[in-house]
Structure formats: structure tokens, C-alpha cells
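Whatever order the structure lists ligands and atoms in, that order sets their numbers, starting from 1. Excluded from the calculations below are hydrogen atoms, water molecules and symmetry mates; all remaining heavy atoms, backbone and side chain alike, are included. Everything quoted here is computed from the prediction, not taken from an experiment.
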Amino acid sequence: MQEKVKYIIVGQGLVGTWMSYYLQEKGLSYKIINHSQRPAATSVASGVMNPVTGRRMVQTWMIETLLPFAVNAYTSYQENAGVSIIKKAPVALIHPSLQMKESFDYRLSHENVYLQKNDSALWKNFFNTPFGTGEIDSCYWIDLIQFLETGREKINDHYIEDEFELKDLKLVDNGIEWKNISAEKIIFCDGVQSMQNQYFKTLPFAPNKGEALIVAIEGLPAENIYKNNIAIVPWKDNLFWVGSSFEWNYENTSPSIAFKEKMIASLDSILKLPYQVVDHLVGIRPANTERRPFVGLHPIHPQLAICNGMGTKGCSLAPYFALQLLNHIELGTEINKEASIERFYHLLQ
Ligand SMILES: Cc1cc2nc3c(=O)[nH]c(=O)nc-3n(C[C@H](O)[C@H](O)[C@H](O)COP(=O)(O)OP(=O)(O)OC[C@H]3O[C@@H](n4cnc5c(N)ncnc54)[C@H](O)[C@@H]3O)c2cc1C
């Protein structure tokens, strides 16, 4: 017998988990299909929300809207789930060069919202700081492993552990059928897998490989994120996430020795504490060269929708755009023009 729901979600990474959270909140029926043996960018990400970016330390896109929205969303999620998910964690900048120190000093006095001076002496026991230090305020760390795990528990009754294959999808009038389930809409939240999807693969995805090490560092305070040429992010206990790489052109999706050696050389040059590498992670970011999400309904088959393209900023983008897409479908509200896939309708038709 066919089971009827309003939505099918494909993928339970950051985006799919937020999608299911809002569906649950709105009391809408859904099923979520996820294949947990498939790699998910979310499970290797460091979980940082940082309002500034790049060598010039400029504010990231829409951050004044996205950051407060995301902080509220993760805080509500944490209260509902009864577990700790979000933590304020200022970034201690260990300036890697004179140019970076000058760049920081310049930004401090020009259109500065998030930067502050700090006391270099605080970090001298832990790091070599020949070019001094600084601080980025209003940074947050999301415990993504906990987020995915509690997300899974919360959606237990709706969760289907299965490989989604397009050959099992049937488009019908005003809806879809997948195996023995029929739904009004299917929303693809399957990260880089959407690049193989015949309905959405012409979107200009540009996947990006990222690697990180998990490193045990005894005695490094876990209240801060540290940034030099590399980021050192508190993970749990005495473990820190160290990374990462951004590779647009890559030959394989395996961890590379070159990356590991580069991180070790960086750690050796800045860290005064002994450390031990315990793991090496790799993931593919569902990115695109425009660095804007892909959100919306298919122009010819409006029973198909996508929420993807979160690139390097999934933590802050996912809750906001998951809700925007649902509100668009349920209430007819607009999707931000820069994120809406309407800008690519000519490619999807
Ligand atoms: C090394 C690294 C560090 C990062 N650090 C940060 C950071 O600090 N802050 C930040 O904001 N972002 C960071 N990111 C980016 C962030 O990870 C992504 O933007 C985000 O995780 C994308 O989420 P998603 O849900 O779109 O995709 P994913 O997390 O990849 O989820 C897709 C899901 O779909 C499932 N799936 C795929 N295909 C199928 C199928 N056929 N059938 C069933 N299930 C399927 C997969 O199992 C997976 O669970 C980082 C990424 C990497 C690689």
C-alpha cells in the first residue's frame, strides 16, 4: 500500500536536518531518505560560523542577517534537543605575517564590526606570536556531530536508511512517487550528489575538496578558535580540528600526504605544545564559483525542489535557506534573489 506524505527529503546533512526540523515545527508530514555510508561534508566540517573572511577580513555575504538567525536557530534546536550544540568561541588570530597584521590593523579602524585588539601575552605560552595577535568576535562553534546525531534521533519515525536512486522516482500530476511513498514535493538536500541528478545537474556546481586533521593537544584552552594560516578548532576533550584545504581541482577524494605534511609543518612552526595527529578527514563541499546557494523549485517540474550549494558556509546558510524554501512553498514568500535558482532557469529548462 502507498504511504502518503507531503514531503520527501533526500539527504540528512546540515541542510536535510534543518529541513526536517522546520517540517516538524510546522507539523507537515515527511520522510527523509539518507544513506549514512555515503560521505557527508557536514560530518567532516569544523562547524565554525565566522562573520569575516579572507585576507582583507571583510564581512561575509548577508552576515548581519544570517548570523543572528543562525544563532537563534541553533539555540532553539539545542533547547528542544536538550544537548549542547552551539558555543560562542572568539577567534584568536595569531598573525602569520606582517602583511596580515597590517591588514587586521587597517580593518580595525575601517568599517569594523567584529574585530578587536587582544593581549598577545595571553597566547605566548601556547603559540609563537612574532607578528602579534588579534581577535574576531561573534564567532560560534557548532557541534555538528552532535547536531547530526540528535537530528537523527528526533526524526526517527520519518527516517529511511536507503540509497536514493533516480530510477525509483516517478513524476506524477502534482507530485512524485518513490518506491511505496507518494509525496507532493521532493526536496534534494543531498550535497554534491545533486550534481548527478538529471533535473539539477546543469546548475553550475564547482565542488571543492577539503581536508582536516584531528589532533590531540594537551593543555590548549578549548574556549577559543585559533587562526594562523591554518585554523585550530576545539573539537571535544583534548582534540582539535586542524585545517583545512580548498581545492577546486582535485584528482581523487582521498586524504593526501601532502596536506598532512603541510599541517604538521604549520603546527610545528606556531604551536609550543606537544601534539599528536589522531585522524585525517576529507570531504567535498557542495560549492559553486558564485559562492551563493541553490534554492528553489524546478521550472518545469515544480514537484522537485533543491536546497544546496552551501559551499564553505553551510552552518550559517543552511537554517536560513531551508526555512526560506519551505516558506516559499507553503506561504508563497520570496526566496532571496541571489540564492534562488530562478537565476539559472535558462539552464534547467
Ligand atoms: C573540510 C571541511 C570543512 C568545513 N568547515 C566548515 C565550517 O567550519 N563552517 C561551515 O559553515 N561550513 C564548513 N564546511 C562546509 C559544510 O560542511 C557544507 O557547507 C555543508 O556541510 C553542506 O551540507 P549539505 O547538507 O548540503 O551536504 P552534506 O553534508 O554532504 O549532506 C548530504 C547528505 O546526503 C546524503 N546523500 C547523498 N546522496 C544520497 C543518496 N543517493 N541517497 C541517500 N542519501 C544521500 C549523504 O549521505 C549526506 O548525509 C566545511 C566543509 C569541509 C569539507
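- Formation of a donor-acceptor pair under 3.5 Å by the His298 side chain with backbone atoms of Ile300 is found in this model.
- Checked against a 6.0 Å centroid threshold, the rings of Tyr226 and Trp123 count as neighbours.
- At least one N or O atom of Phe164 sits closer than 3.5 Å to an N or O atom of ligand 1.
- Taking a cut-off of under 4.0 Å to the non-hydrogen atoms of Gly11, the atoms of ligand 1 that pass are 33 (C), 34 (O), 35 (C).
- Within the 4.0 Å heavy-atom criterion, the part of Gln12 lying near ligand 1 is the backbone and not the side chain.
- In this comparison of Val48, Thr42, Asn197, the heavy atom closest to atom 29 (O) of ligand 1 sits on Thr42.
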> Should Trp141 and Tyr74 be marked as a ring pair (Phe, Tyr, Trp, His ring centres under 6.0 Å) after you check the CA-CA gap, both sets of side-chain angles, and the distance that decides it?
Replying inline: CA-CA 10 Å; Trp141 178 71; Tyr74 288 103; over 10 Å; no
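- Aromatic ring centroids of Trp18 and Tyr77 lie under 6.0 Å apart.
- Close approach of ligand 1 to Gly314 (heavy-atom distance below 4.0 Å) involves ligand atoms 10 (C), 11 (O), 12 (N), 19 (O).
- For ligand 1, the polar-atom distance check finds no N/O of Val192 at less than 3.5 Å from any of the ligand's N/O atoms.
- For Tyr114, the ring-ring contact (aromatic ring centres under 6.0 Å, His included) test picks out no residue, with sequence neighbours left out.
- For ligand 1 and Gly13, the ligand atoms under 4.0 Å from any heavy atom of the residue are 25 (O), 29 (O), 31 (O), 33 (C), 49 (O).
- Considering each of Ala231, Ser43, Ala322, Ser46, the one bringing a non-hydrogen atom nearest atom 8 (O) of ligand 1 is Ser46.
- Between Asn34 and ligand 1, an N or O atom pair is found at a separation short of 3.5 Å.
- Geometrically, ligand 1 and Cys315 share a nitrogen or oxygen pair separated by less than 3.5 Å.
- Looking at Gly47 next to ligand 1, an N or O pair under 3.5 Å apart turns up.
- The closest side-chain donor-acceptor pair between Thr53 and Arg291, if any, does not fall under 3.5 angstrom.
- Seen from the ring of Trp61, Arg292 counts as a face-on cation partner, given the 6.0 Å and 45° thresholds.
- The distance between the ring centers of Phe104 and His95 falls below 6.0 angstrom.
- Checking only distances, Leu14 does come within under 3.5 Å of ligand 1, N or O to N or O.
- When each atom of ligand 1 is checked for a heavy atom of Asp162 under 4.0 Å away, the hits are 42 (N), 43 (C).
- Screening residues 323-349 for ring-ring contact (aromatic ring centres under 6.0 Å, His included) gives Phe294-Phe344 as the qualifying pairs, with residues at least two apart or on separate chains.
- Below 3.5 Å of separation, one finds no N or O of Val10 facing any N or O of ligand 1.
- For ligand 1, the atoms lying closer than 4.0 Å to a non-hydrogen atom of Gly283 are 53 (C).
- Judged by distance alone, with hydrogens and angles left aside, the side-chain atoms of Lys185 form a donor-acceptor pair with the main-chain N or O of Pro302 at under 3.5 Å.
- When only interatomic distances are considered, the shortest N/O to N/O separation between Asn308 and ligand 1 does not fall below 3.5 Å.
- Considering backbone and side-chain N/O atoms, Gly16 never comes within less than 3.5 Å of an N/O atom of ligand 1.
- For Ser244, no nitrogen or oxygen atom sits less than 3.5 Å from a nitrogen or oxygen atom of ligand 1, counting backbone and side chain alike.
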